[in-house]
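Throughout, protein chains are lettered first and strands after them, A, B, ... in sequence-line order, and every chain is numbered starting at 1. Predicted model only: the values in this text are computed from it and were never measured.
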Amino acid sequence: CCSETTPVNHRRSRTKFTQDQLKILIKAFDKNPYPGYATKQKLALEANTEESRIQIWFQNRRARHQKKSEPDEDLESSQDQDHLEEEIQSREDRRSRTNYTSLQLHALIEAFSNNPYPGFDSREQLAKEIGVPESRVQIWFQNRRSRFHAQRKSIEATQNGPSLSISCLIFPEPEQ
DNA sequence: GCTAATCTAATCACCTTCTAGGTGATTAGCACATTAGC
């Protein structure tokens, strides 16, 4: 069901943060490793970069930070409480939902059927075409793939193994 | 080797519409996710 017309599947080029940008980000991370959308936008403005890059930086930083830091009982009580409160606050501060029009959805679904793993250039082109940020297109594809996988699994479970009827739910894995 | 970019899976949160299903946003990743550019 998926065409072979795969566009150039390049990643986004690596962002090289300057020392000044890192200083801003690290300071913000130490204050709250789970910033809300407004904070991330503010940081993006301050560091002169995109909000989506700020989000990725915090994700990676949290992953590395958690690996390094051992559980420290001494700090747990008060600091955890602070972090919990900050986390709850940040969760109130999500990005507002993107409401796609039927035309936008049509374009997304068509692009997905052609290539469920579009590279940065393809995502950006599609984003321009439908008038949404590239980062929203990336999220849409992530959710779409994830729900396709889940749907496929659930069908396999009910049918006790793969069958022809779900062939359209199978799409190629990303290129190495 | 460090780390930005990317992935899946699980979960949260909101909307539509009637209580649950659909879906965008966010998060973790555990013998501590993987991939890949610099």
Quiz item: When the ring planes of A/Phe29 and A/His65 are compared, do they come out parallel, tilted or perpendicular, using 30° and 60° as the limits?
Solution: perpendicular

Exercise. Scan A/Thr98 against the nucleic acid and name what it touches under 4.0 Å (heavy atoms): base, sugar-phosphate only, or nothing.
Key: sugar-phosphate

Exercise. Using Watson-Crick or G-U wobble geometry with both distances below 3.5 Å, tell me the partner of B/dT35, or none.
Key: B/dA4

Quiz item: If pairing requires Watson-Crick or G-U wobble contacts with both distances under 3.5 Å, which nucleotide is the partner of B/dA9?
Solution: B/dT27

Quiz item: Considering only the P atoms, how many Å lie between B/dG22 and B/dT17, rounded to the nearest integer?
Solution: 13 Å

Quiz item: Are side-chain heavy atoms of A/Leu45 and A/Gln41 found at a separation under 4.5 Å?
Solution: no

Quiz item: Rounding to the closest angstrom, what is the interatomic distance between B/dT27 and B/dA31 at atom P?
Solution: 23 Å

Quiz item: Taking the C1' atom of each, how far is B/dT6 from B/dA13, in whole Å?
Solution: 24 Å

Quiz prompt | Phosphate OP1/OP2 of B/dT3: any A/Arg14 side-chain N/O under 4.0 Å | solution = no

Exercise. Using heavy atoms to find the nearest nucleotide of DNA chain B for A/Lys40 and A/Lys16 separately, return the residue whose nucleotide is more 5′.
Key: A/Lys16

Quiz prompt | Nucleotide nearest A/Asn60 (side chain, heavy atoms from C-beta), chosen from B/dT8, B/dC14, B/dA33 | solution = B/dA33

Quiz item: Between A/Arg61 and B/dA4, is there a side-chain N or O to OP1/OP2 distance below 4.0 Å?
Solution: no

Quiz item: Can you check whether A/Tyr100 has a side-chain N or O nearer than 4.0 Å to OP1 or OP2 of B/dG22?
Solution: no

Quiz item: On a whole-Å scale, what distance lies between the P atoms belonging to B/dT23 and B/dG1?
Solution: 45 Å

Quiz item: Is the shortest heavy-atom distance from the side chain of A/Glu124 to the side chain of A/Val137 under 4.5 Å?
Solution: no

Quiz prompt | Pairwise P distance for B/dT8 and B/dA36, with rounding to whole Å | solution = 14 Å

Exercise. Give a yes/no on whether any side-chain N or O of A/Arg53 is located under 4.0 angstrom from OP1 or OP2 of B/dA4.
Key: no

Quiz item: In Å, rounded to the nearest 0.5 Å, how long is the span from CD1 of A/Ile56 to CZ of A/Arg12?
Solution: 8.0 Å

Quiz item: Taking atom P in both B/dC7 and B/dG37, what distance in whole Å separates the two?
Solution: 14 Å

Quiz item: Would you say A/Arg147 reaches B/dT11's phosphate, i.e. side-chain N/O to OP1/OP2 under 4.0 Å?
Solution: no

Exercise. Could you give the distance separating B/dA5 and B/dC32 at their P atoms, to the nearest angstrom?
Key: 25 Å

Exercise. Can you tell me, in whole Å, how much space there is between the C1' of B/dA25 and that of B/dC30?
Key: 24 Å

Exercise. Measure the NZ-OH distance between A/Lys42 and A/Tyr37 for me, rounded to the nearest 0.5 Å.
Key: 15.0 Å

Quiz item: Hey, can you pull the residues of residues 41-49 of chain A with a non-hydrogen atom under 4.0 angstrom from DNA chain B?
Solution: none

Quiz item: Distance under 6.0 Å and angle within 45° of the ring axis: does A/Arg144 meet both against A/Phe112?
Solution: yes

Quiz item: With side chains defined as the heavy atoms from C-beta onward, is the minimum distance between A/Thr39 and A/Phe58 less than 4.5 Å?
Solution: no

Quiz item: For B/dA4, does either OP1 or OP2 sit under 4.0 Å from a side-chain N or O belonging to A/Arg64?
Solution: yes

Practice problem: Run the salt-bridge test on A/Glu51 and A/Arg95 with the 4.0 Å N-O cut-off and return the result as yes or no. | Solution: yes

